[in-house]
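This report concerns only the one structure given below.
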Amino acid sequence: MDMSTKYNPKEVEQGKYERWLEAGYFKADVSSDKEPFTVVIPPPNVTGKLHLGHAWDNTLQDIITRMKRLQGYEVLFLPGMDHAGIATQAKVAERLRKEGIEIKDLTREEFLEQTWKWKEEYASFIRESWAKFGLGLDYSRERFTLDEGLSKAVNKIFVDLYNKGLIYRGEYIINWDPSTQTALSDIEVIHKEVEGNFYHVKYELEDGGHVEIATTRPETMLGDTAIVVNPEDDRYKDLIGKYAILPIVGRKLPIIADRYVDMEFGTGVMKVTPAHDPNDFVLGETHNLERINVMHEDGSINELGGQYEGLDRFECRKQLVKDLEAAGHMIKIESHVHSVGHSERSNAIVEPYLSTQWFVRMDPLAEKALENQDTDQAIKFVPERFEGTFSRWMKDIKDWVISRQLWWGHQIPAWYHNETGEIYVGETPPEDLENWTQDEDVLDTWFSSALWPFSTLGWPDDTEDMKKFFPTNVLVTGYDIIFFWVARMIFSSLEQTGQKPFDDVLLHGLVRDDQNRKMSKSLGNGVDPLDVIEDYGADALRYYLATGSTPGQDIKFSNERVESVWNFINKIWNASRFSLINIGDNFTMDDIDLSGEKSLADKWILTRLNETIDAVTRLSDKYEFSEAGRVLYNFIWDEFCDWYIEMAKIPMAQGTGQEQQMTRSVLLYTLDKILKMLHPFMPFVTEEIYQQINGEASIVVSEWPKVDESLSEQSAKKEMATLVEIIKSVRQTRNEVNTPLSKPIDIHIEVKDESLKSRIEANSHYITRFTNPESLVITEKVTLEEETKTDVLSDVTVILPLAGLINFEEEVARLEKELKRLDGELKRVNGKLNNEKFTSKAPEAVVEEERQKRDRYTAQYEEVNTRLTTLKSRL
RNA sequence: GGUCCCAUAGCUCAGUGGGAGAGUGCUUGCUUGACAUGCAAGAGGUCGGUGGUUCGAAACCACCUGGGACCACCA
C-alpha cells in the first residue's frame with residue numbers, strides 16, 4: 001500500500017489516461033459478439049478550447065458509456081469535431097488580419113490552407129481537454145465533419161435530396177449578414193429588443209392629398225414598389241387602384257389591397273418593399289410587384305438608391321431622415337422598442353435580403369419526423385417535455401437556407417454550364433469539367449452535423465460499423481441546440497437511413513455563473529474547466545457536474561460545491577486507506593470468503609450494499625445521476641465510513657483470526673463494489689485505488705456490481721437500527737450534560753422483549769465501543785433510586801444515572817414535553833386509523849404502518865408516563 | 001402574442017401521492033489508532049399565495065404573484 005493521508009488529484013490522474021489508451025480499453029471491437037452500445041460525441045467546434053458546458057456534456061456521455069462498458073456492452077464512444085463554417089472562418093480571418101493579411105487578398109486555396117492549419121492546432125487543444133476530462137473515446141474512429149468520408153456523405157445526401165425535389169435553388173428573401181456577407185438560416189438569427197424609432201412619413205398621392213406611413217427602416221423605402229391597405233378599411237377604400245408618389249425618389253407606387261394589413265396597427269397603411277422584407281416579398285409575389293434591391297452585399301446602398309449610392313445602410317437612414325424632414329415629408333418620429341435580428345456569430349444586424357440561395361424543402365421531412373414519434377420507433381426525450389419543444393418547432397418549420405457565402409465548408413456539388421447556364425448536380429463533377437463552373441458557396445455547417453450519427457460510422461457505405469453500432473443508443477446534448485442539431489439529425493436520419501439516429505436524447509441545461517448569468521466569452525465570466533481540474537481534479541469536477549442538477553435544468557457553477565466533492569473523494573481515499581491498512585498486503589480479492597459466520601455489522605453493510613447497488617443501477621438507467629450520486633454519497637459516508645468502518649475496528653483490534661478474516665472480506669468486498677459504482681463518475685481515483693488493491697488490473701474493464709440476495713438479511717437492518725438508536729441517545733445525553741466520551745458513565749438499557757434483549761446483549765460490544773460505559777447493564781426492568789436521564793426509544797429505554805449532572809426539574813420538564821409530543825403523534829395516528837375512509841381506501845401496507853406506529857407510540861407513551869410519575873413522586 | 005421552466009433551511013440545490021432532506025454556512029464539544037479536508041451533538045423551513053382533486057398534497061389540477069428561457073413576420 002502506497003497512499004498518502006491526503007487525496008492528491010494530480011498524482012492520481014498522472015499518466016492514467018495514456019495507459020488506458022495504450023491498453024486499448026476504449027477501442028470498440030466491431031466483431032465482438034457483445035451487445036453494442038454507442039454514443040457519438042457532439043462534435044465541438046474547432047474554433048476554440050472547451051468550456052464547462054463541454055465538460056458537463058462529455059462527463060454525462062462518459063458516465064453512461066463507462067457504466068455500459070462495465071455492464072458488459074461493446075461500447076463505442078466516438079469522438080470528432082465540427083468545422084463550424086462561419087465561426088471558424090471568422091476566427092481565421094481575424095487572426096490573418098492581425099498579421100496584416102486581408103482575406104480578399106488570398107485565393108480560396110490559400111485561405112483554406114490557413115484554416116486547416118488552424119484546425120489542427122485547435123484539434124490538439126480539444127484532444128488535450130478530452131484527455132484531462134478522462135473521456136473513454138475510441139480515437140481510431142475519430143471524425144471531422146470536413147474529412148473525406150463525411151464529405152462523401154454530405155454530397156450523396158445533397159444529390160439525393162436534389163433528385164427527390166427536396167433541395168431547390170431560388171431567389172428569395174433570406175437573412176443576410178452584411179458583416180460576414182453570407183446568408184443565415186432563421187435560427188442563426190438572434191432577436192433582440194432594440195430601442196429604435198418609428199418614422200411617420202408622408203407619401204403624397206398622385207391626385208392630391210397624402211397617406212401617412214410608419215416604418216422602422218426608412219432606408220428601405222428606396223426599394224418601395226407599392227402601398228398596401230386592408231380592403232375592408234373604410235378610411236382608405238377609395239384609394240385602392242390609385243397611385244402614391246415615393247418621396248425623394250419620385251417613383252409612382254400603386255395602392256393595392258391585401259387582408260394582410262392590420263387595420264389596428266400603426267396608420268393602417270403599409271409600404272411594400274419586396275426586396276427587403278419577407279412579408280413584403282410575399283405580398284410582392286401575390287400582387288406581382290417589382291423587386292428593387294437597393295443594397296450591396298455589405299449593406300451599403302447600390303446604384304438603385306440614387307443619390308444615396310455608396311452610403312452604409314445606417315448612414316443612409318440618417319441622411320434620408322434629414323432629407324425627408326427638409327422636404328416636409330417627415331410627420332413625426334416616435335421612439336419605438338422593437339425586436340431586431342442579429343447574426344448569431346458576428347452580432348451584426350441582419351438584413352432581410354433578396355438573394356439566390358439553396359434551400360431544403362422542410363415539410364415532407366418534418367412530417368416524417370413527427371409521424372415517427374407516434375410509432376414504436378419514437379425517440380425518447382429526457383426530460384419528456386423537450387419532445388414538445390421539438391415537435392412544436394417541426395410543426396411550423398420553414399424551408400432551410402443551406403447555402404453560405406463562405407470558403408470553409410462543403411462546397412455545393414452543383415455546376416453551372418459556362419454557356420447554357422444549365423445546372424448539374426452530382427456526387428462527381430461533370431465530365432467535360434472545363435465547360436462548367438462549380439457553385440462557389442458552401443453548405444451550412446449544420447447540414448453536415450445533421451448526419452453525424454451515421455456519417456461517422458461510414459454511411460453511405462454498408463460498413464460493419466454501421467451494422468453493429470447504428471442506431472446509436474443515446475445522444476447527450478444541451479437543450480439549446482435541439483433545433484440546430486437534434487431535430488436535424490432526426491429528420492436526416494429518418495430520410496436517409498430509414499432509422500432513428502438514436503434511441504434516447506438526454507438534454508442538459510447551460511452552465512451559469514454565480515450571478516446566474518450564462519457563461520460567455522463576451523462577458524468574460526467563463527470558468528475554464530482545466531483550471532477547475534488543476535485545483536480539485538477531474539474526478540471532483542465530473543462528480544459535481546453529474547450530480548449538480550437534474551436533467552434539463554441549468555447548473556449554477558459553484559467552486560464551493562466542487563470543493564465539497566473533493567472532500568468526498570478524500571473521504572473515499574481514506575476509507576480505502578483504512579481498508580488497505582487493515583487487510584494487509586497478503587489479502588486479495590481472491591481471498592474474499594463471505595460464507596462464514598458474519599457479525600451484525602457485516603450482515604448489515606452487505607444488506608445495505610445490495611440495496612445501494614440496486615438503487616444506483618436503476619437510477620442511472622433513468623439518467624438520474626444526481627439521485628444515484630446522492631445514494632452513493634450517503635451509503636459511503638454515512639453508513640460505510642461512519643458506522644461500518646468504526647464497527648470493523650473492533651474485530652480488527654481484538655477479534656479472533658476468523659473474525660478478522662471475515663472483516664477483511666467484507667471490507668474489501670464492499671469497497672470493491674463501491675469503487676466500481678463510483679468509477680463512471682470518478683474514473684481516475686477509482687482506478688488508483690483499484691490498482692492499489694489489484695495490482696495491474698484495470699477497473700475500466702472490470703464488472704458492474706450485481707445484487708447478491710444471498711448476502712441480504714433484512715433483520716440485520718432492524719437490529720442495527722435499534723443499536724444506532726441506543727448509541728445516538730447516549731451520545732446526545734453526553735452532549736447535553738457536557739460529559740465527553742473520554743469519561744465513562746453507567747448505562748442501563750431496559751428491554752422488555754426477551755429475544756431482543758439477547759440480541760442486544762450479543763451486540764453489546766458495539767454499544768461499548770461507541771459510548772464508553774463504566775458499566776453496561778441490559779435488563780428487563782431498571783429500578784434506580786438516583787437521578788437519571790431516561791430516553792424512551794422505539795423498542796428499548798435508555799437510562800443514565802447522572803446524579804449531580806442533571807437537574808430533576810429539567811428532566812421532568814423534558815419528559816413532560818416528550819409526553820406531549822407522543823400524545824400529539826398518537827392523536828394524529830388515531831385520527832387516521834379511526835377514519836373509516838382511510839382504513840378502507842388507503843393501501844393495506846400504509847394502514848399497517850400506521851397501526852405499528854400507534855402500537856409503538858402507545859408503548860412509549862406508557863413508558864414515559866410511568867417514568868414521569870416515579871420521578872414526580874420523588875420531587 | 002405563444003410555449004416552457006423555476007420558486008423547499010442564511011446560501012446552493014435534491015425530493016413528484018403516505019415520516020420535510022443533502023451540501024455549505026452557523027452554535028457546542030472532541031489532538032477517538034483512515035481522514036481536524038475529520039468525528040459527535042444541535043439550531044434553522046406555515047415547501048411563493050389562493051382555491052380544487054384525494055382517505056391523505058411540498059408533490060397532481062386551476063388561477064395568482066415573482067424570476068428566467070425559448071419561439072413569433074406585426075409594418
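Just the heavy atoms: all of them, side chains too, but no hydrogens, waters or symmetry mates, feed the values below. First the proteins, then the strands, lettered A, B, ... as listed; each starts at 1.
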Any base atoms under 4.0 Å from Lys271(A), or only sugar-phosphate, or nothing? Heavy atoms, all strands.
nothing
Scan Tyr260(A) against the nucleic acid and name what it touches under 4.0 Å (heavy atoms): base, sugar-phosphate only, or nothing.
base
Under a 3.5 Å cut-off for both contacts, is U46(B) paired Watson-Crick or G-U wobble with anything, and if yes, with which nucleotide?
none
Look at all strands and tell whether Pro843(A) reaches a base, only sugar-phosphate, or nothing, counting heavy atoms closer than 4.0 Å.
base
Could you tell me whether Phe483(A) contacts a base, only the sugar-phosphate backbone, or nothing, with contacts defined as non-hydrogen atoms closer than 4.0 Å?
sugar-phosphate
Applying a 4.0 Å non-hydrogen cut-off, can you work out what Ser558(A) is touching in the nucleic acid: base, sugar-phosphate, or nothing?
nothing
Can you tell me how far P in G10(B) sits from the matching atom in G44(B), rounded to whole Å?
11 Å
Counting only heavy atoms not in Glu264(A), do more than 12 sit closer than 6.0 Å to its CD atom?
no
Which part of the nucleic acid does Thr267(A) contact within heavy-atom distance under 4.0 Å: base, sugar-phosphate only, or nothing?
nothing
Candidate nucleotides A14(B), A69(B), A40(B), ranked by approach to the side chain of Arg512(A) - the nearest
A69(B)
Of the nucleotides G38(B), C35(B), A41(B), which has the atom closest to the Arg731(A) side chain?
A41(B)
Could you say whether Gly548(A) or Leu741(A) is positioned toward the 5' end of RNA chain B, judged by the nucleotide with the nearest heavy atom to each?
Gly548(A)
Looking at every strand, decide which applies to Glu627(A) at a 4.0 Å heavy-atom threshold: base, sugar-phosphate, or nothing.
sugar-phosphate
With the threshold set at 4.0 Å, does a side-chain nitrogen-carboxylate oxygen contact exist between Lys817(A) and Glu810(A)?
no
By the 4.0 Å heavy-atom rule, please label Asp277(A) as base, sugar-phosphate, or nothing.
nothing
Under a 3.5 Å limit for both distances, which nucleotide forms a Watson-Crick or G-U wobble pair with G1(B), could you say?
C71(B)
What is the pairing partner of U65(B), taking Watson-Crick or G-U wobble pairs with both distances under 3.5 Å in any strand?
A7(B)
Return yes when atom NZ of Lys718(A) has more than 12 non-hydrogen atoms of other residues, nucleotides or ligands closer than 6.0 Å, and no otherwise.
no
Calculate the interatomic distance between Glu646(A) atom CD and G33(B) atom P; express it in whole Å.
10 Å
At 4.0 Å (heavy atoms only), tell me whether Ile645(A) reaches a base, stays on the sugar-phosphate, or touches nothing.
base
Quick check: on RNA chain B, is the nucleotide nearest His191(A) upstream (toward 5') of the one nearest Lys6(A), or the reverse? Name the residue that is more 5'.
Lys6(A)
Pick the P atom in U32(B) and in C39(B), then give their distance to the nearest Å.
13 Å
Arg392(A) CZ to C4(B) C1', straight-line distance once rounded to whole Å
7 Å
Looking at Ser564(A), does any N or O in its side chain come under 4.0 Å of the phosphate oxygens OP1/OP2 on U24(B)?
no
For the pair made of NZ in Lys837(A) and P in U53(B), what is the distance, rounded to whole Å?
11 Å
Need one value for Arg517(A): base, sugar-phosphate or nothing, where a base atom within 4.0 Å counts as base even if backbone is also close, heavy atoms only.
nothing
What integer distance in Å separates Ile482(A):CD1 from C5(B):C1'?
12 Å
Please measure how far the P atom in G1(B) lies from the corresponding atom in A9(B), and state the result in whole Å.
32 Å
Taking pairing as Watson-Crick or G-U wobble with both contacts under 3.5 Å, can you name the mate of C39(B), or confirm there isn't one?
G29(B)
A58(B) - base-pair partner by Watson-Crick or wobble geometry, distances under 3.5 Å:
none
Atom pair CE (Met270(A)) and CG (Asp280(A)), whose distance is rounded to the nearest 0.5 Å
4.5 Å
Compare side-chain N and O positions of Lys398(A) against OP1 and OP2 of C73(B) and report whether any pair is under 4.0 Å apart.
yes
Gap in Å between the two P atoms, one belonging to C55(B) and one to G38(B), rounded:
49 Å
Lys728(A), NZ: over 12 other non-hydrogen atoms inside 6.0 angstrom
no
Trp643(A) and Phe770(A): aromatic ring centres closer than 6.0 Å?
yes
Give Asn570(A) one of three labels, base, sugar-phosphate or nothing, depending on what nucleic acid heavy atoms sit under 4.0 Å from its own.
base
For a quick check of understanding: with a heavy-atom distance under 4.0 Å over all strands, which category does Lys571(A) fall into, base, sugar-phosphate or nothing?
base
Given atom CG of Asn559(A) and atom P of C13(B), what is their separation to the nearest angstrom?
15 Å
Rounded distance (Å) that lies between atom P of G38(B) and atom CG of Asp638(A)
13 Å
What is the distance, to the nearest angstrom, from the CD atom on Glu560(A) to the C1' atom on C11(B)?
10 Å
Measure CD/Glu688(A) against P/A34(B) and give the value in whole Å, please.
20 Å
